[in-house]
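Structure in structure tokens, see below.
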Amino acid sequence: MTNNIPPVTSLKCITCAKEYNSQELDYTCPACGPMRGTLEVLYDYDRIAEELTREALQRNRDFSHWRYLPMLPVSCKQFIQPLAVGWTPVYQNEKMAAQLGIKKLWIKDDGRNPSASYKDRASSVAVVKALEKKAKTITAASTGNAASSLAAFTAVAGLETIIFVPHDAPKAKLTQLLLFGAKVLRVQGTYDDAFDLCCAAAEKWGWYNRSTAINPYLGEGKKTGAFEICEQLDWQVPDYVFVAVGDGCIFQSLWKGFKEFHRIGLIERTPKLIGVQAEGASPLAQAFAVGANKARPVESSTFADSIAVGVPRDQIKALKAVRECGGQFIAVSDDEIKKAISQLAGKTGVLAEPAGATGMAGLMKMAQNNEIKADETIVVLVTGNGLKDIDGVMQASERQAVLVEKSIARLNIEILNV
Ligand SMILES: *Cc1c(COP(=O)(O)O)cnc(C)c1O
């Protein structure tokens with residue numbers, strides 16, 4: 001077994017700033033507890049800056065997010081599973097940019113990951129950490145995507161996987177879970193209830209826990225979306241990145257990624273990140289609006305199931321990130337999300353699940369309110385594929401298929417115009 005030197009130097013508590021050795025602690029700061037005691041993963045950036053250069057990346061033939069291995073928390077490379085994660089396509093779309101009155105617009109389609117969501121970036125890293133810890137069983141609480149993603153990677157790795165989802169998780173996500181071989185517990189409650197139950201069970205039975213903001217390594221996988229944006233846009237950092245927000249983990253991780261690339265000298269500036277929530281589950285947008293550094297719990301209610309989060313677990317990092325980057329948290333209605341699904345599909349050919357289109361809904365809203373200048377450049381992250389939640393996505397369609405008889409003589413083409 002070849003063990004490389006782990007590039008991680010320490011795990012730092014975001015509240016009390018105490019630093020821990022990554023060998024001595026797996027989850028949160030014992031003094032500050034869950035949420036407040038979320039840990040930040042730190043590296044030897046000077047060493048990484050020598051290795052991770054633009055030239056080295058240009059020569060790198062690994063077109064997955066493992067191309068950033070020097071800045072990922074992996075000690076045992078042999079535990080990386082072969083599913084191709086990351087390096088998802090970025091599409092420029094001039095038609096939509098013109099319609100929105102902005103200079104340049106790119107859509108980054110993370111629905112193209114192996115289990116069809118952004119969560120694969122995190123699960124791919126979590127499985128490596130579980131194997132490094134010699135775990136036999138891994139667990140997660142999830143609205144659906146984090147779990148189905150984890151189950152895809154553990155199917156290859158051969159780890160027992162126990163999943164807690166809300167009872168009403170979309171059918172496609174449950175189907176993925178069952179076929180990937182996970183044991184699935186549908187909790188009679190919300191995602192927030194499933195989360196608490198999962199963490200209690202993990203502690204009771206000693207399972208490795210891949211739950212957001214408990215496990216510090218998830219964000220390390222999720223930051224690679226930021227690295228890819230820099231590289232795929234040929235180092236021209238956009239003015240804004242729009243992304244959907246539930247727990248806030250993707251958001252804070254993207255910011256960490258941009259900060260790290262800035263820190264090692266790969267980019268000269270950083271973008272403003274706009275985190276978009278659904279109005280019916282917008283505790284972070286509400287906290288941001290009043291300048292609070294803590295979110296008030298809400299009863300979530302939105303058809304965008306992946307961001308139906310009432311207690312955002314990564315709220316402390318997320319609220320800190322939004323201030324640091326000069327961005328915003330905003331909220332959009334379910335109707336605005338439906339319009340964004342339809343625009344994305346109809347104009348860019350990318351079918352997004354409701355949460356996957358929520359970043360675009362945020363851009364459409366800000367553009368309409370003239371909050372974006374005509375010379376600004378924008379990346380919208382599509383975080384999940386539309387086939388994940390067909391019932392939800394179908395609500396965005398105002399059109400219907402036309403049933404016809406199988407005879408050319410009786411085919412009335414006029415019917416297509418109604
Ligand atoms: C999980 C998820 C999000 C939100 O990510 P958080 O880290 O919870 O903020 C957005 N879109 C999709 C499709 C997701 O699965």
Side-chain angles (χ1 to χ4, degrees), residues 38 88 108-113 115-123 126 140-150 152 165-166 169-170 172-173 176-177 191-192 194-195 210-215 217-223 225-226 241-257 273-278 281-285 288 295 300 302-319 321-322 329 331-332 337 340-341 344 350-362 380-389 392-393:
T38 309
T88 52
K108 184 164 174 62
D109 183 10
D110 255 68
R112 288 278 298 270
N113 277 304
S115 82
S117 86
Y118 198 94
K119 298 292 195 297
D120 287 329
R121 296 181 186 271
S123 296
S142 167
T143 55
N145 283 339
S148 54
S149 149
L150 177 64
V165 287
K173 299 179 187 182
Q176 284 183 300
L177 280 168
Y191 164 63
D192 304 294
F195 193 99
R210 181 243 183 264
S211 290
T212 301
I214 295 284
N215 190 314
Y217 299 109
L218 305 178
E220 296 308 295
K222 288 180 173 178
K223 73 186 180 185
V241 176
F242 281 75
V243 67
V245 173
D247 276 313
C249 184
I250 297 179
F251 186 91
Q252 64 86 2
S253 311
L254 285 170
W255 178 234
K256 184 171 193 266
L273 308 187
I274 307 294
V276 189
Q277 297 208 283
S282 55
L284 287 168
F288 176 76
S300 68
T302 169
F303 87 126
D305 69 291
S306 300
I307 50 172
V309 177
V311 184
R313 304 288 163 163
D314 224 350
Q315 55 180 273
I316 299 188
K317 279 188 190 171
L319 285 163
V322 76
F329 284 132
V332 294
I337 296 172
I341 293 174
L344 265 174
V350 174
L351 190 70
E353 68 164 83
T358 299
M360 177 55 84
V380 172
L381 265 174
V382 172
T383 46
N385 190 287
L387 300 178
K388 287 261 197 183
D389 180 12
V393 171

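These numbers come from a predicted model, not from an experiment. Residues take their numbers from the sequence shown, with the count starting at 1. Atoms within a ligand are numbered from 1 in the order they appear, just like the ligands themselves.
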* Measure up the F288 and F329 rings against each other and bin them: parallel (under 30°), tilted (30 to 60°), perpendicular (over 60°). =>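 Perpendicular.
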Could you identify the single nearest non-hydrogen protein atom to atom 14 (C) of ligand 1 and state the distance to 0.1 Å?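 Scanning the protein heavy atoms, the shortest distance from atom 14 (C) of ligand 1 goes to K119 NZ, 2.9 Å.
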inquiry  = Looking at every non-hydrogen atom in both residues, tell me the closest pair between I307 and A281 and how far apart they are.
reply    =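 Minimum heavy-atom contact is O-CB, 3.6 Å.
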Does only the side chain of E353 get under 4.0 Å from ligand 1, or the backbone, or both, or neither? Count heavy atoms.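 Side chain only.
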Quick one: do D120 and S115 satisfy side-chain hydrogen bond (donor to acceptor under 3.5 Å, both in side chains)? Show the steps, please. CA-CA 7 Å; D120 287 329; S115 82; 2.8 Å; yes
* Taking distance alone, with no angle check, do I307 and ligand 1 share an N/O pair under 3.5 Å? ->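 No.
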Report task. Run through P170, S300, S306 and flag the one making a side chain to side chain contact (heavy atoms under 4.5 Å, CB included) with T143. Result ->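 In the set P170, S300, S306, the residue that makes a side chain to side chain contact (heavy atoms under 4.5 Å, CB included) with T143 is S306.
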| field | Residue pair L254 / V243, side-chain heavy-atom distance below 4.5 Å | value |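 Side-chain contact under 4.5 Å: yes.
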**Asked** Got S149 and Q176 here, is their nearest side-chain heavy-atom distance under 4.5 Å?
**Response**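 Side chain of S149 against side chain of Q176, heavy atoms only: no contact under 4.5 Å found.
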Handout entry: Sub-4.0 Å atoms of ligand 1 with respect to non-hydrogen atoms of N145
Key =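 Answer for ligand 1: 13 (C), 14 (C), 15 (O).
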Quick check on contacts: which atoms of ligand 1 are under 4.0 angstrom from a heavy atom of V245?
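Those atoms are 9 (O).
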task = Please confirm whether G356 comes within less than 3.5 Å of ligand 1 when only nitrogen or oxygen atoms on both sides are compared.
result =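 G356 vs ligand 1: no N/O contact under 3.5 Å.
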Which protein heavy atom lies closest to atom 8 (O) of ligand 1, and at what distance to 0.1 Å?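 The protein heavy atom lying closest is D247 N, 2.8 Å.
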- prompt: Does A116 offer a backbone N or O that forms a donor-acceptor pair with the side chain of N385 under 3.5 Å?
  reply: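 No.
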Would you say S117 contacts ligand 1, with heavy atoms under 4.0 Å as the rule?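 In this structure, S117 fails to qualify as a contact of ligand 1 - no heavy atom is under 4.0 Å.
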**OP:** May I ask whether R313 has any heavy atom positioned less than 4.0 angstrom from an atom of ligand 1?
**Re:**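 No, R313 has no heavy atom closer than 4.0 Å to ligand 1.
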- Heavy-atom donor-acceptor pair, S253 side chain to K222 backbone, under 3.5 Å: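 A pair under 3.5 Å: no.
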Practice problem: For C249, counting its heavy atoms only, list the atoms of ligand 1 lying under 4.0 Å from any of them. | Solution: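 Under 4.0 Å from C249, ligand 1 has these atoms: 6 (P), 7 (O), 9 (O).
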Taking the side chain as everything from C-beta on, heavy atoms only, tell me whether D110 gets closer than 4.5 Å to L381.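 Side-chain contact under 4.5 Å: yes.
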Original post:
Is G246 close to ligand 1, meaning an N/O of one under 3.5 Å from an N/O of the other?
Top reply: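 Yes - when backbone and side-chain N and O of G246 are compared with those of ligand 1, one distance drops under 3.5 Å.
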- Query: Which residue owns the protein heavy atom closest to atom 5 (O) of ligand 1, what's the atom, and how far is it?
  - Reply: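 Of every protein heavy atom, I250 CD1, 3.3 Å lies nearest to atom 5 (O) of ligand 1.
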* To do: Determine the sole option in K388, K119, K173 for which the side chain to side chain donor-acceptor pair (under 3.5 Å) test with S148 is passed.
  =>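 When side chain to side chain donor-acceptor pair (under 3.5 Å) is applied between S148 and each of K388, K119, K173, only K388 qualifies.
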message = On a heavy-atom basis, I'd like to know which of T383, V276, D120 is closest to atom 12 (C) of ligand 1.
response =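 Heavy atom nearest to atom 12 (C) of ligand 1 belongs to T383.
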Can you confirm, on distance only, whether ligand 1 has an N/O atom lying under 3.5 Å from any N/O atom belonging to A244?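 There is no such contact.
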Subset of ligand 1 atoms that lie under 4.0 Å from at least one heavy atom of G384:
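Checking each atom against G384, I get 13 (C).
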May I ask you to list the atoms of ligand 1 that are less than 4.0 angstrom from any heavy atom of K222?
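So the atoms of ligand 1 that pass are 7 (O).
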